[in-house]
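Below, chain A is the first sequence line, B the second, and so on; all start at residue 1. Keep in mind that this is a model prediction, so the values were computed, not measured.
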2 protein chains.
Amino acid sequence: MPQRATAAQVAAHAGVSVASVSRVLNGLASSSRMAARVQAAAAELDYVPDATARSLKVGRTEQLALAVADVGNPAYVAMMRAVDEVVRTAGYRTVLSAMGADPDDEIDLVRNLARGYADGLILSPLRVTADLVHELEHARRPVVVVGSLPPGTAIDNVRADSPGGVRLALTHLHDRGCRRIGFLNGPPDTVPGAARARGYLRTVKRLGLPQDSALSVTAADFTYDAGRAVAARLLDRDDPPDAVLGANDLLAVAIVNAVTERGGRVPEDVAVVGMDDTELAEYTRPSLTSVSLGSVERGRIAAELLLARIADPSRDVQRVTMTPRLTIRSSSGPARGGRA
Amino acid sequence: MPQRATAAQVAAHAGVSVASVSRVLNGLASSSRMAARVQAAAAELDYVPDATARSLKVGRTEQLALAVADVGNPAYVAMMRAVDEVVRTAGYRTVLSAMGADPDDEIDLVRNLARGYADGLILSPLRVTADLVHELEHARRPVVVVGSLPPGTAIDNVRADSPGGVRLALTHLHDRGCRRIGFLNGPPDTVPGAARARGYLRTVKRLGLPQDSALSVTAADFTYDAGRAVAARLLDRDDPPDAVLGANDLLAVAIVNAVTERGGRVPEDVAVVGMDDTELAEYTRPSLTSVSLGSVERGRIAAELLLARIADPSRDVQRVTMTPRLTIRSSSGPARGGRA
DNA sequence: ACGTTTACCGTAATCGTTTACAGACCGGCG
DNA sequence: CGCCGGTCTGTAAACGATTACGGTAAACGT
C-alpha cells in the first residue's frame, strides 16, 4: 500500500507552488512550460488529488444518495440501474442507502444527509408519515421523492399512476370476459398498497363488477413468499375468482404458481395480470401480462430532477406522473370468447 | 434549504471553544456542565457535523465501494444485499460503482479509488487482465476481489468453486440417467465462463459422457435474452441433448422456456440445471434445480475481509473458496429410472 | 522610452473538523 | 504552605485541496 503523494509534494518536486499544481491539473490558465513540468512531476509521483479535501473546499461531494425500500424487488433494481446510469454520466457517484421497512430509517436518512456526505437524495419510501414529510421539507440538501406525496408538499417528485394502472389491468381483464376479478395487494398502509387498493375499488365499481370483499386479499409485503402465503385465501373458495390482479409482478407470479399447483390453468381458469412489468414477466411461464408503471423512467427522471435542482436550487418544484402502459402476454391469454 | 450551522457557531452560541464542542459530540472526557451546554446549543442550532471535514481530518470516509459487472443479474443483486448488510452494520456506507463490460472500467475504478472517496473496494470483475492485476496490487486502498485471480496474486479474495459446482450438477444429471448433457455457457473469456467450461470438459471426461463439441454452446453474455438467442443451436438438432446445464439461472431458464415452446417437457425430455440458485429458481415453472455458488456468503465474506483488512492492513492475505451446494427442484425431476 | 495592459505565478486564506499540547484549576498530601 | 496529580478546557496546528489577491515581468501601443 504505497503512500499517497499530495499536491504539496508535487509542487516541491516540480519546483513550483501548489497553486500552480492545482491550476494545471484543473485545466486553468498556465503556460505550457508550467503545465509540462507539473504534469511530469505528477506522473512521476503518481499523484491523484484527494476527493475529500476537494469536496471540503468546493462544497460538493459529487455523490448522490439513493434509497429504496427493497433491493430484492426487480422493479427497484431496474430503477436503480436507471438512476445510476444518469448519475454516473453526470460525473457523480451513487451511494446506496438501503433501508428496512421502518419509516424511522428514512427519517434518519434524511437527517444524515445534513452531514453532507452526498449532494442530494433520491428517496423511494414505502410509507410516508407526517414526520417524514416534515423532515423532507427541512432537508439540508435537495431531495427527490419517487412515489406519491401529500398534496401541497413542496418536494420534487415523480410518481406512478397506480390507480390508472389498475384500471388498465382490470379493464383488460373485463374485456376478456372475466367477471369475478380478485386482487392480491401488498400492505395497504404503504403508499403503493393504498393507491392500488383505491384504484381497485374505484374500477370495480365503475365496471359494475361484484364488490365482494373476499376477492381482495393483502399480503404481508410485496414479496413472492408473502404472496404464496395468502394465495390460498383467494383460490380455495367455493366461488374462486376467474382472474386475479397482483399488485406486483412477484405477487402475480405467486398467484400463477398457486393456480397451476392446484391443477388450474392460466389463463383458462384464472387469468392473471401483474404490475411493474419487470423482466420476471418475460421469464415466467406462462409469460405474465403486466402493466408498467415506468420504473425505469421514474428512476431516470428522478435523477434528472435532482441534478437539475442541484444546479439551480431555486427552480420551480416539479411533479411528474408517469402514464401506465399495459403489455399483454400469455397469462391473460387470447380473447375468451366462446368459453365459460 | 436552511443554512448549516458549523461547530464554530455552536461554540460561540454556547460560549465555549470548538474543541469542546467536538469533544462533547464525540463522547470524549468533559464535565457534565460542559456537555449540557454544548448539547443544548447544538440542539438549538440543529447542528450536524460535516462528514467531509471529518473525513479529511481523520483520514477515513466510512464508505466502501462495491463494483459488480451486471446489476441485472439476480446473483449479483443478492450479493449486493449481503455486502450492504455487513457494511452498514459496521457503520459504513456503500457506494455503488456499476461498470460496463469493458475491463478498462475496472482499471479506472481502482485508479479512482486513489482519490480516497472510499476506504476500500469490493470488486467482482468479469474479466481479469494482467493490467488489472497489476493495478490491484498497487492500489492505494484495500481491495477484495470476488472471483478467481491468477495464482500468487496477493489480494484478498473469495471465489466460487465453479468446476466443483459444474461437477455437482453433471453428476446429478448423470445419476438421473441423462447421457447427452449439453452446456449453455456464457462468454468463455470471462472468469466464470472459463472456469465453468473447464469444469464441464473435465467432468464430461470423468463421467465417460460423449465429448461432442456441438453439445457446448456459448451465449454472448449471461443474460436471459442471450440464452434465448442461442438455445436453438442446442435444441434444434437431430440428436438433441437429454439434459442441459446452464452456466447461470438466467441461461437455464432460457433453455427451459425454449424447450417447452418447442413442445418438449422439462424434465422428461430435457432435464435442466442452473447455477447460482437465485430466487428465480423458485419462481419459474418447473422450478429450477440449481447449484448455489454461495453468492450471498461470498458477498458477506468479502465485506468482512475488507473491513478486517482496513482494521489491520498488515494481516495475512486471505483466500476463501465457497463449496457449492446443489438444490434439487422439478426441472431435473425425480429419478428417471424406467423411462428412456 | 515610458506607461499600461495582459498573462502568469506565488502567498496565504479558507473549507469544517479533530487533536496534540499546554495552561488553568482544584483537591489532597506531606 | 508548597507541590504534585489529575481533570478540564482553550489555543492552534493540522488534514489536502481550491482560489482570491497581489506582484512581477513580458508585451504592447504611442
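- A:Ala7 comes within 4.0 angstrom of sugar-phosphate atoms only, judged by non-hydrogen atoms across all strands, and of no base.
- Between A:Ala19 and B:Ala53, the residue anchored nearer the 5' end of DNA chain D, judged by the nucleotide with its closest heavy atom, is B:Ala53.
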>> Go through it in stages, so that I can follow the logic: the residues are B:Thr321 and B:Val158, the test is side-chain contact (heavy atoms from CB on, under 4.5 Å), and I'd like the CA-CA distance, side-chain angles, deciding distance and then a yes or no.
In response: CA-CA 6 Å; B:Thr321 303; B:Val158 30; over 6 Å; no
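- If you take CZ of B:Arg60 and P of C:dT17, they are 16 Å apart, rounded to a whole angstrom.
- Atom CZ in B:Arg23 sits roughly 8 Å away from atom P in D:dG10 (whole-Å rounding).
- Between A:Ser31 and C:dC9 there is a side-chain N or O to OP1 or OP2 distance below 4.0 Å.
- Contact annotation: B:Thr6 does not reach the phosphate of C:dG16 (side-chain N/O to OP1 or OP2, under 4.0 Å).
- Taking the charged nitrogens against the carboxylate oxygens, B:Glu304 and B:Arg300 do have a contact shorter than 4.0 Å, which makes a salt bridge.
- For A:Ser17, the listed nucleotide lying nearest its side chain is C:dG10; candidates were D:dC15, C:dG10, D:dA17.
- Side chains of A:Asp221 and A:Thr223: a donor on one and an acceptor on the other come within 3.5 Å.
- Taking 4.0 angstrom as the limit, B:Ser20 places none of its side-chain polar atoms (N or O) nearer than this to OP1 or OP2 of D:dT9.
- One interatomic measurement links the two molecules: CG of B:Leu25 to P of C:dT19, which rounds to 13 Å at whole-angstrom precision.
- Within the nucleic acid shown, B:Val16 comes within 4.0 Å of sugar-phosphate atoms alone, with no base atom in reach, counting heavy atoms only.
- Scanning atom types as modelled, no donor and acceptor separated by under 3.5 angstrom connect the side chain of A:Arg4 and the base of D:dG16.
- Of the candidate nucleotides C:dG10, C:dT19, D:dA17, C:dT19 has the atom lying nearest to any side-chain atom of B:Ser22.
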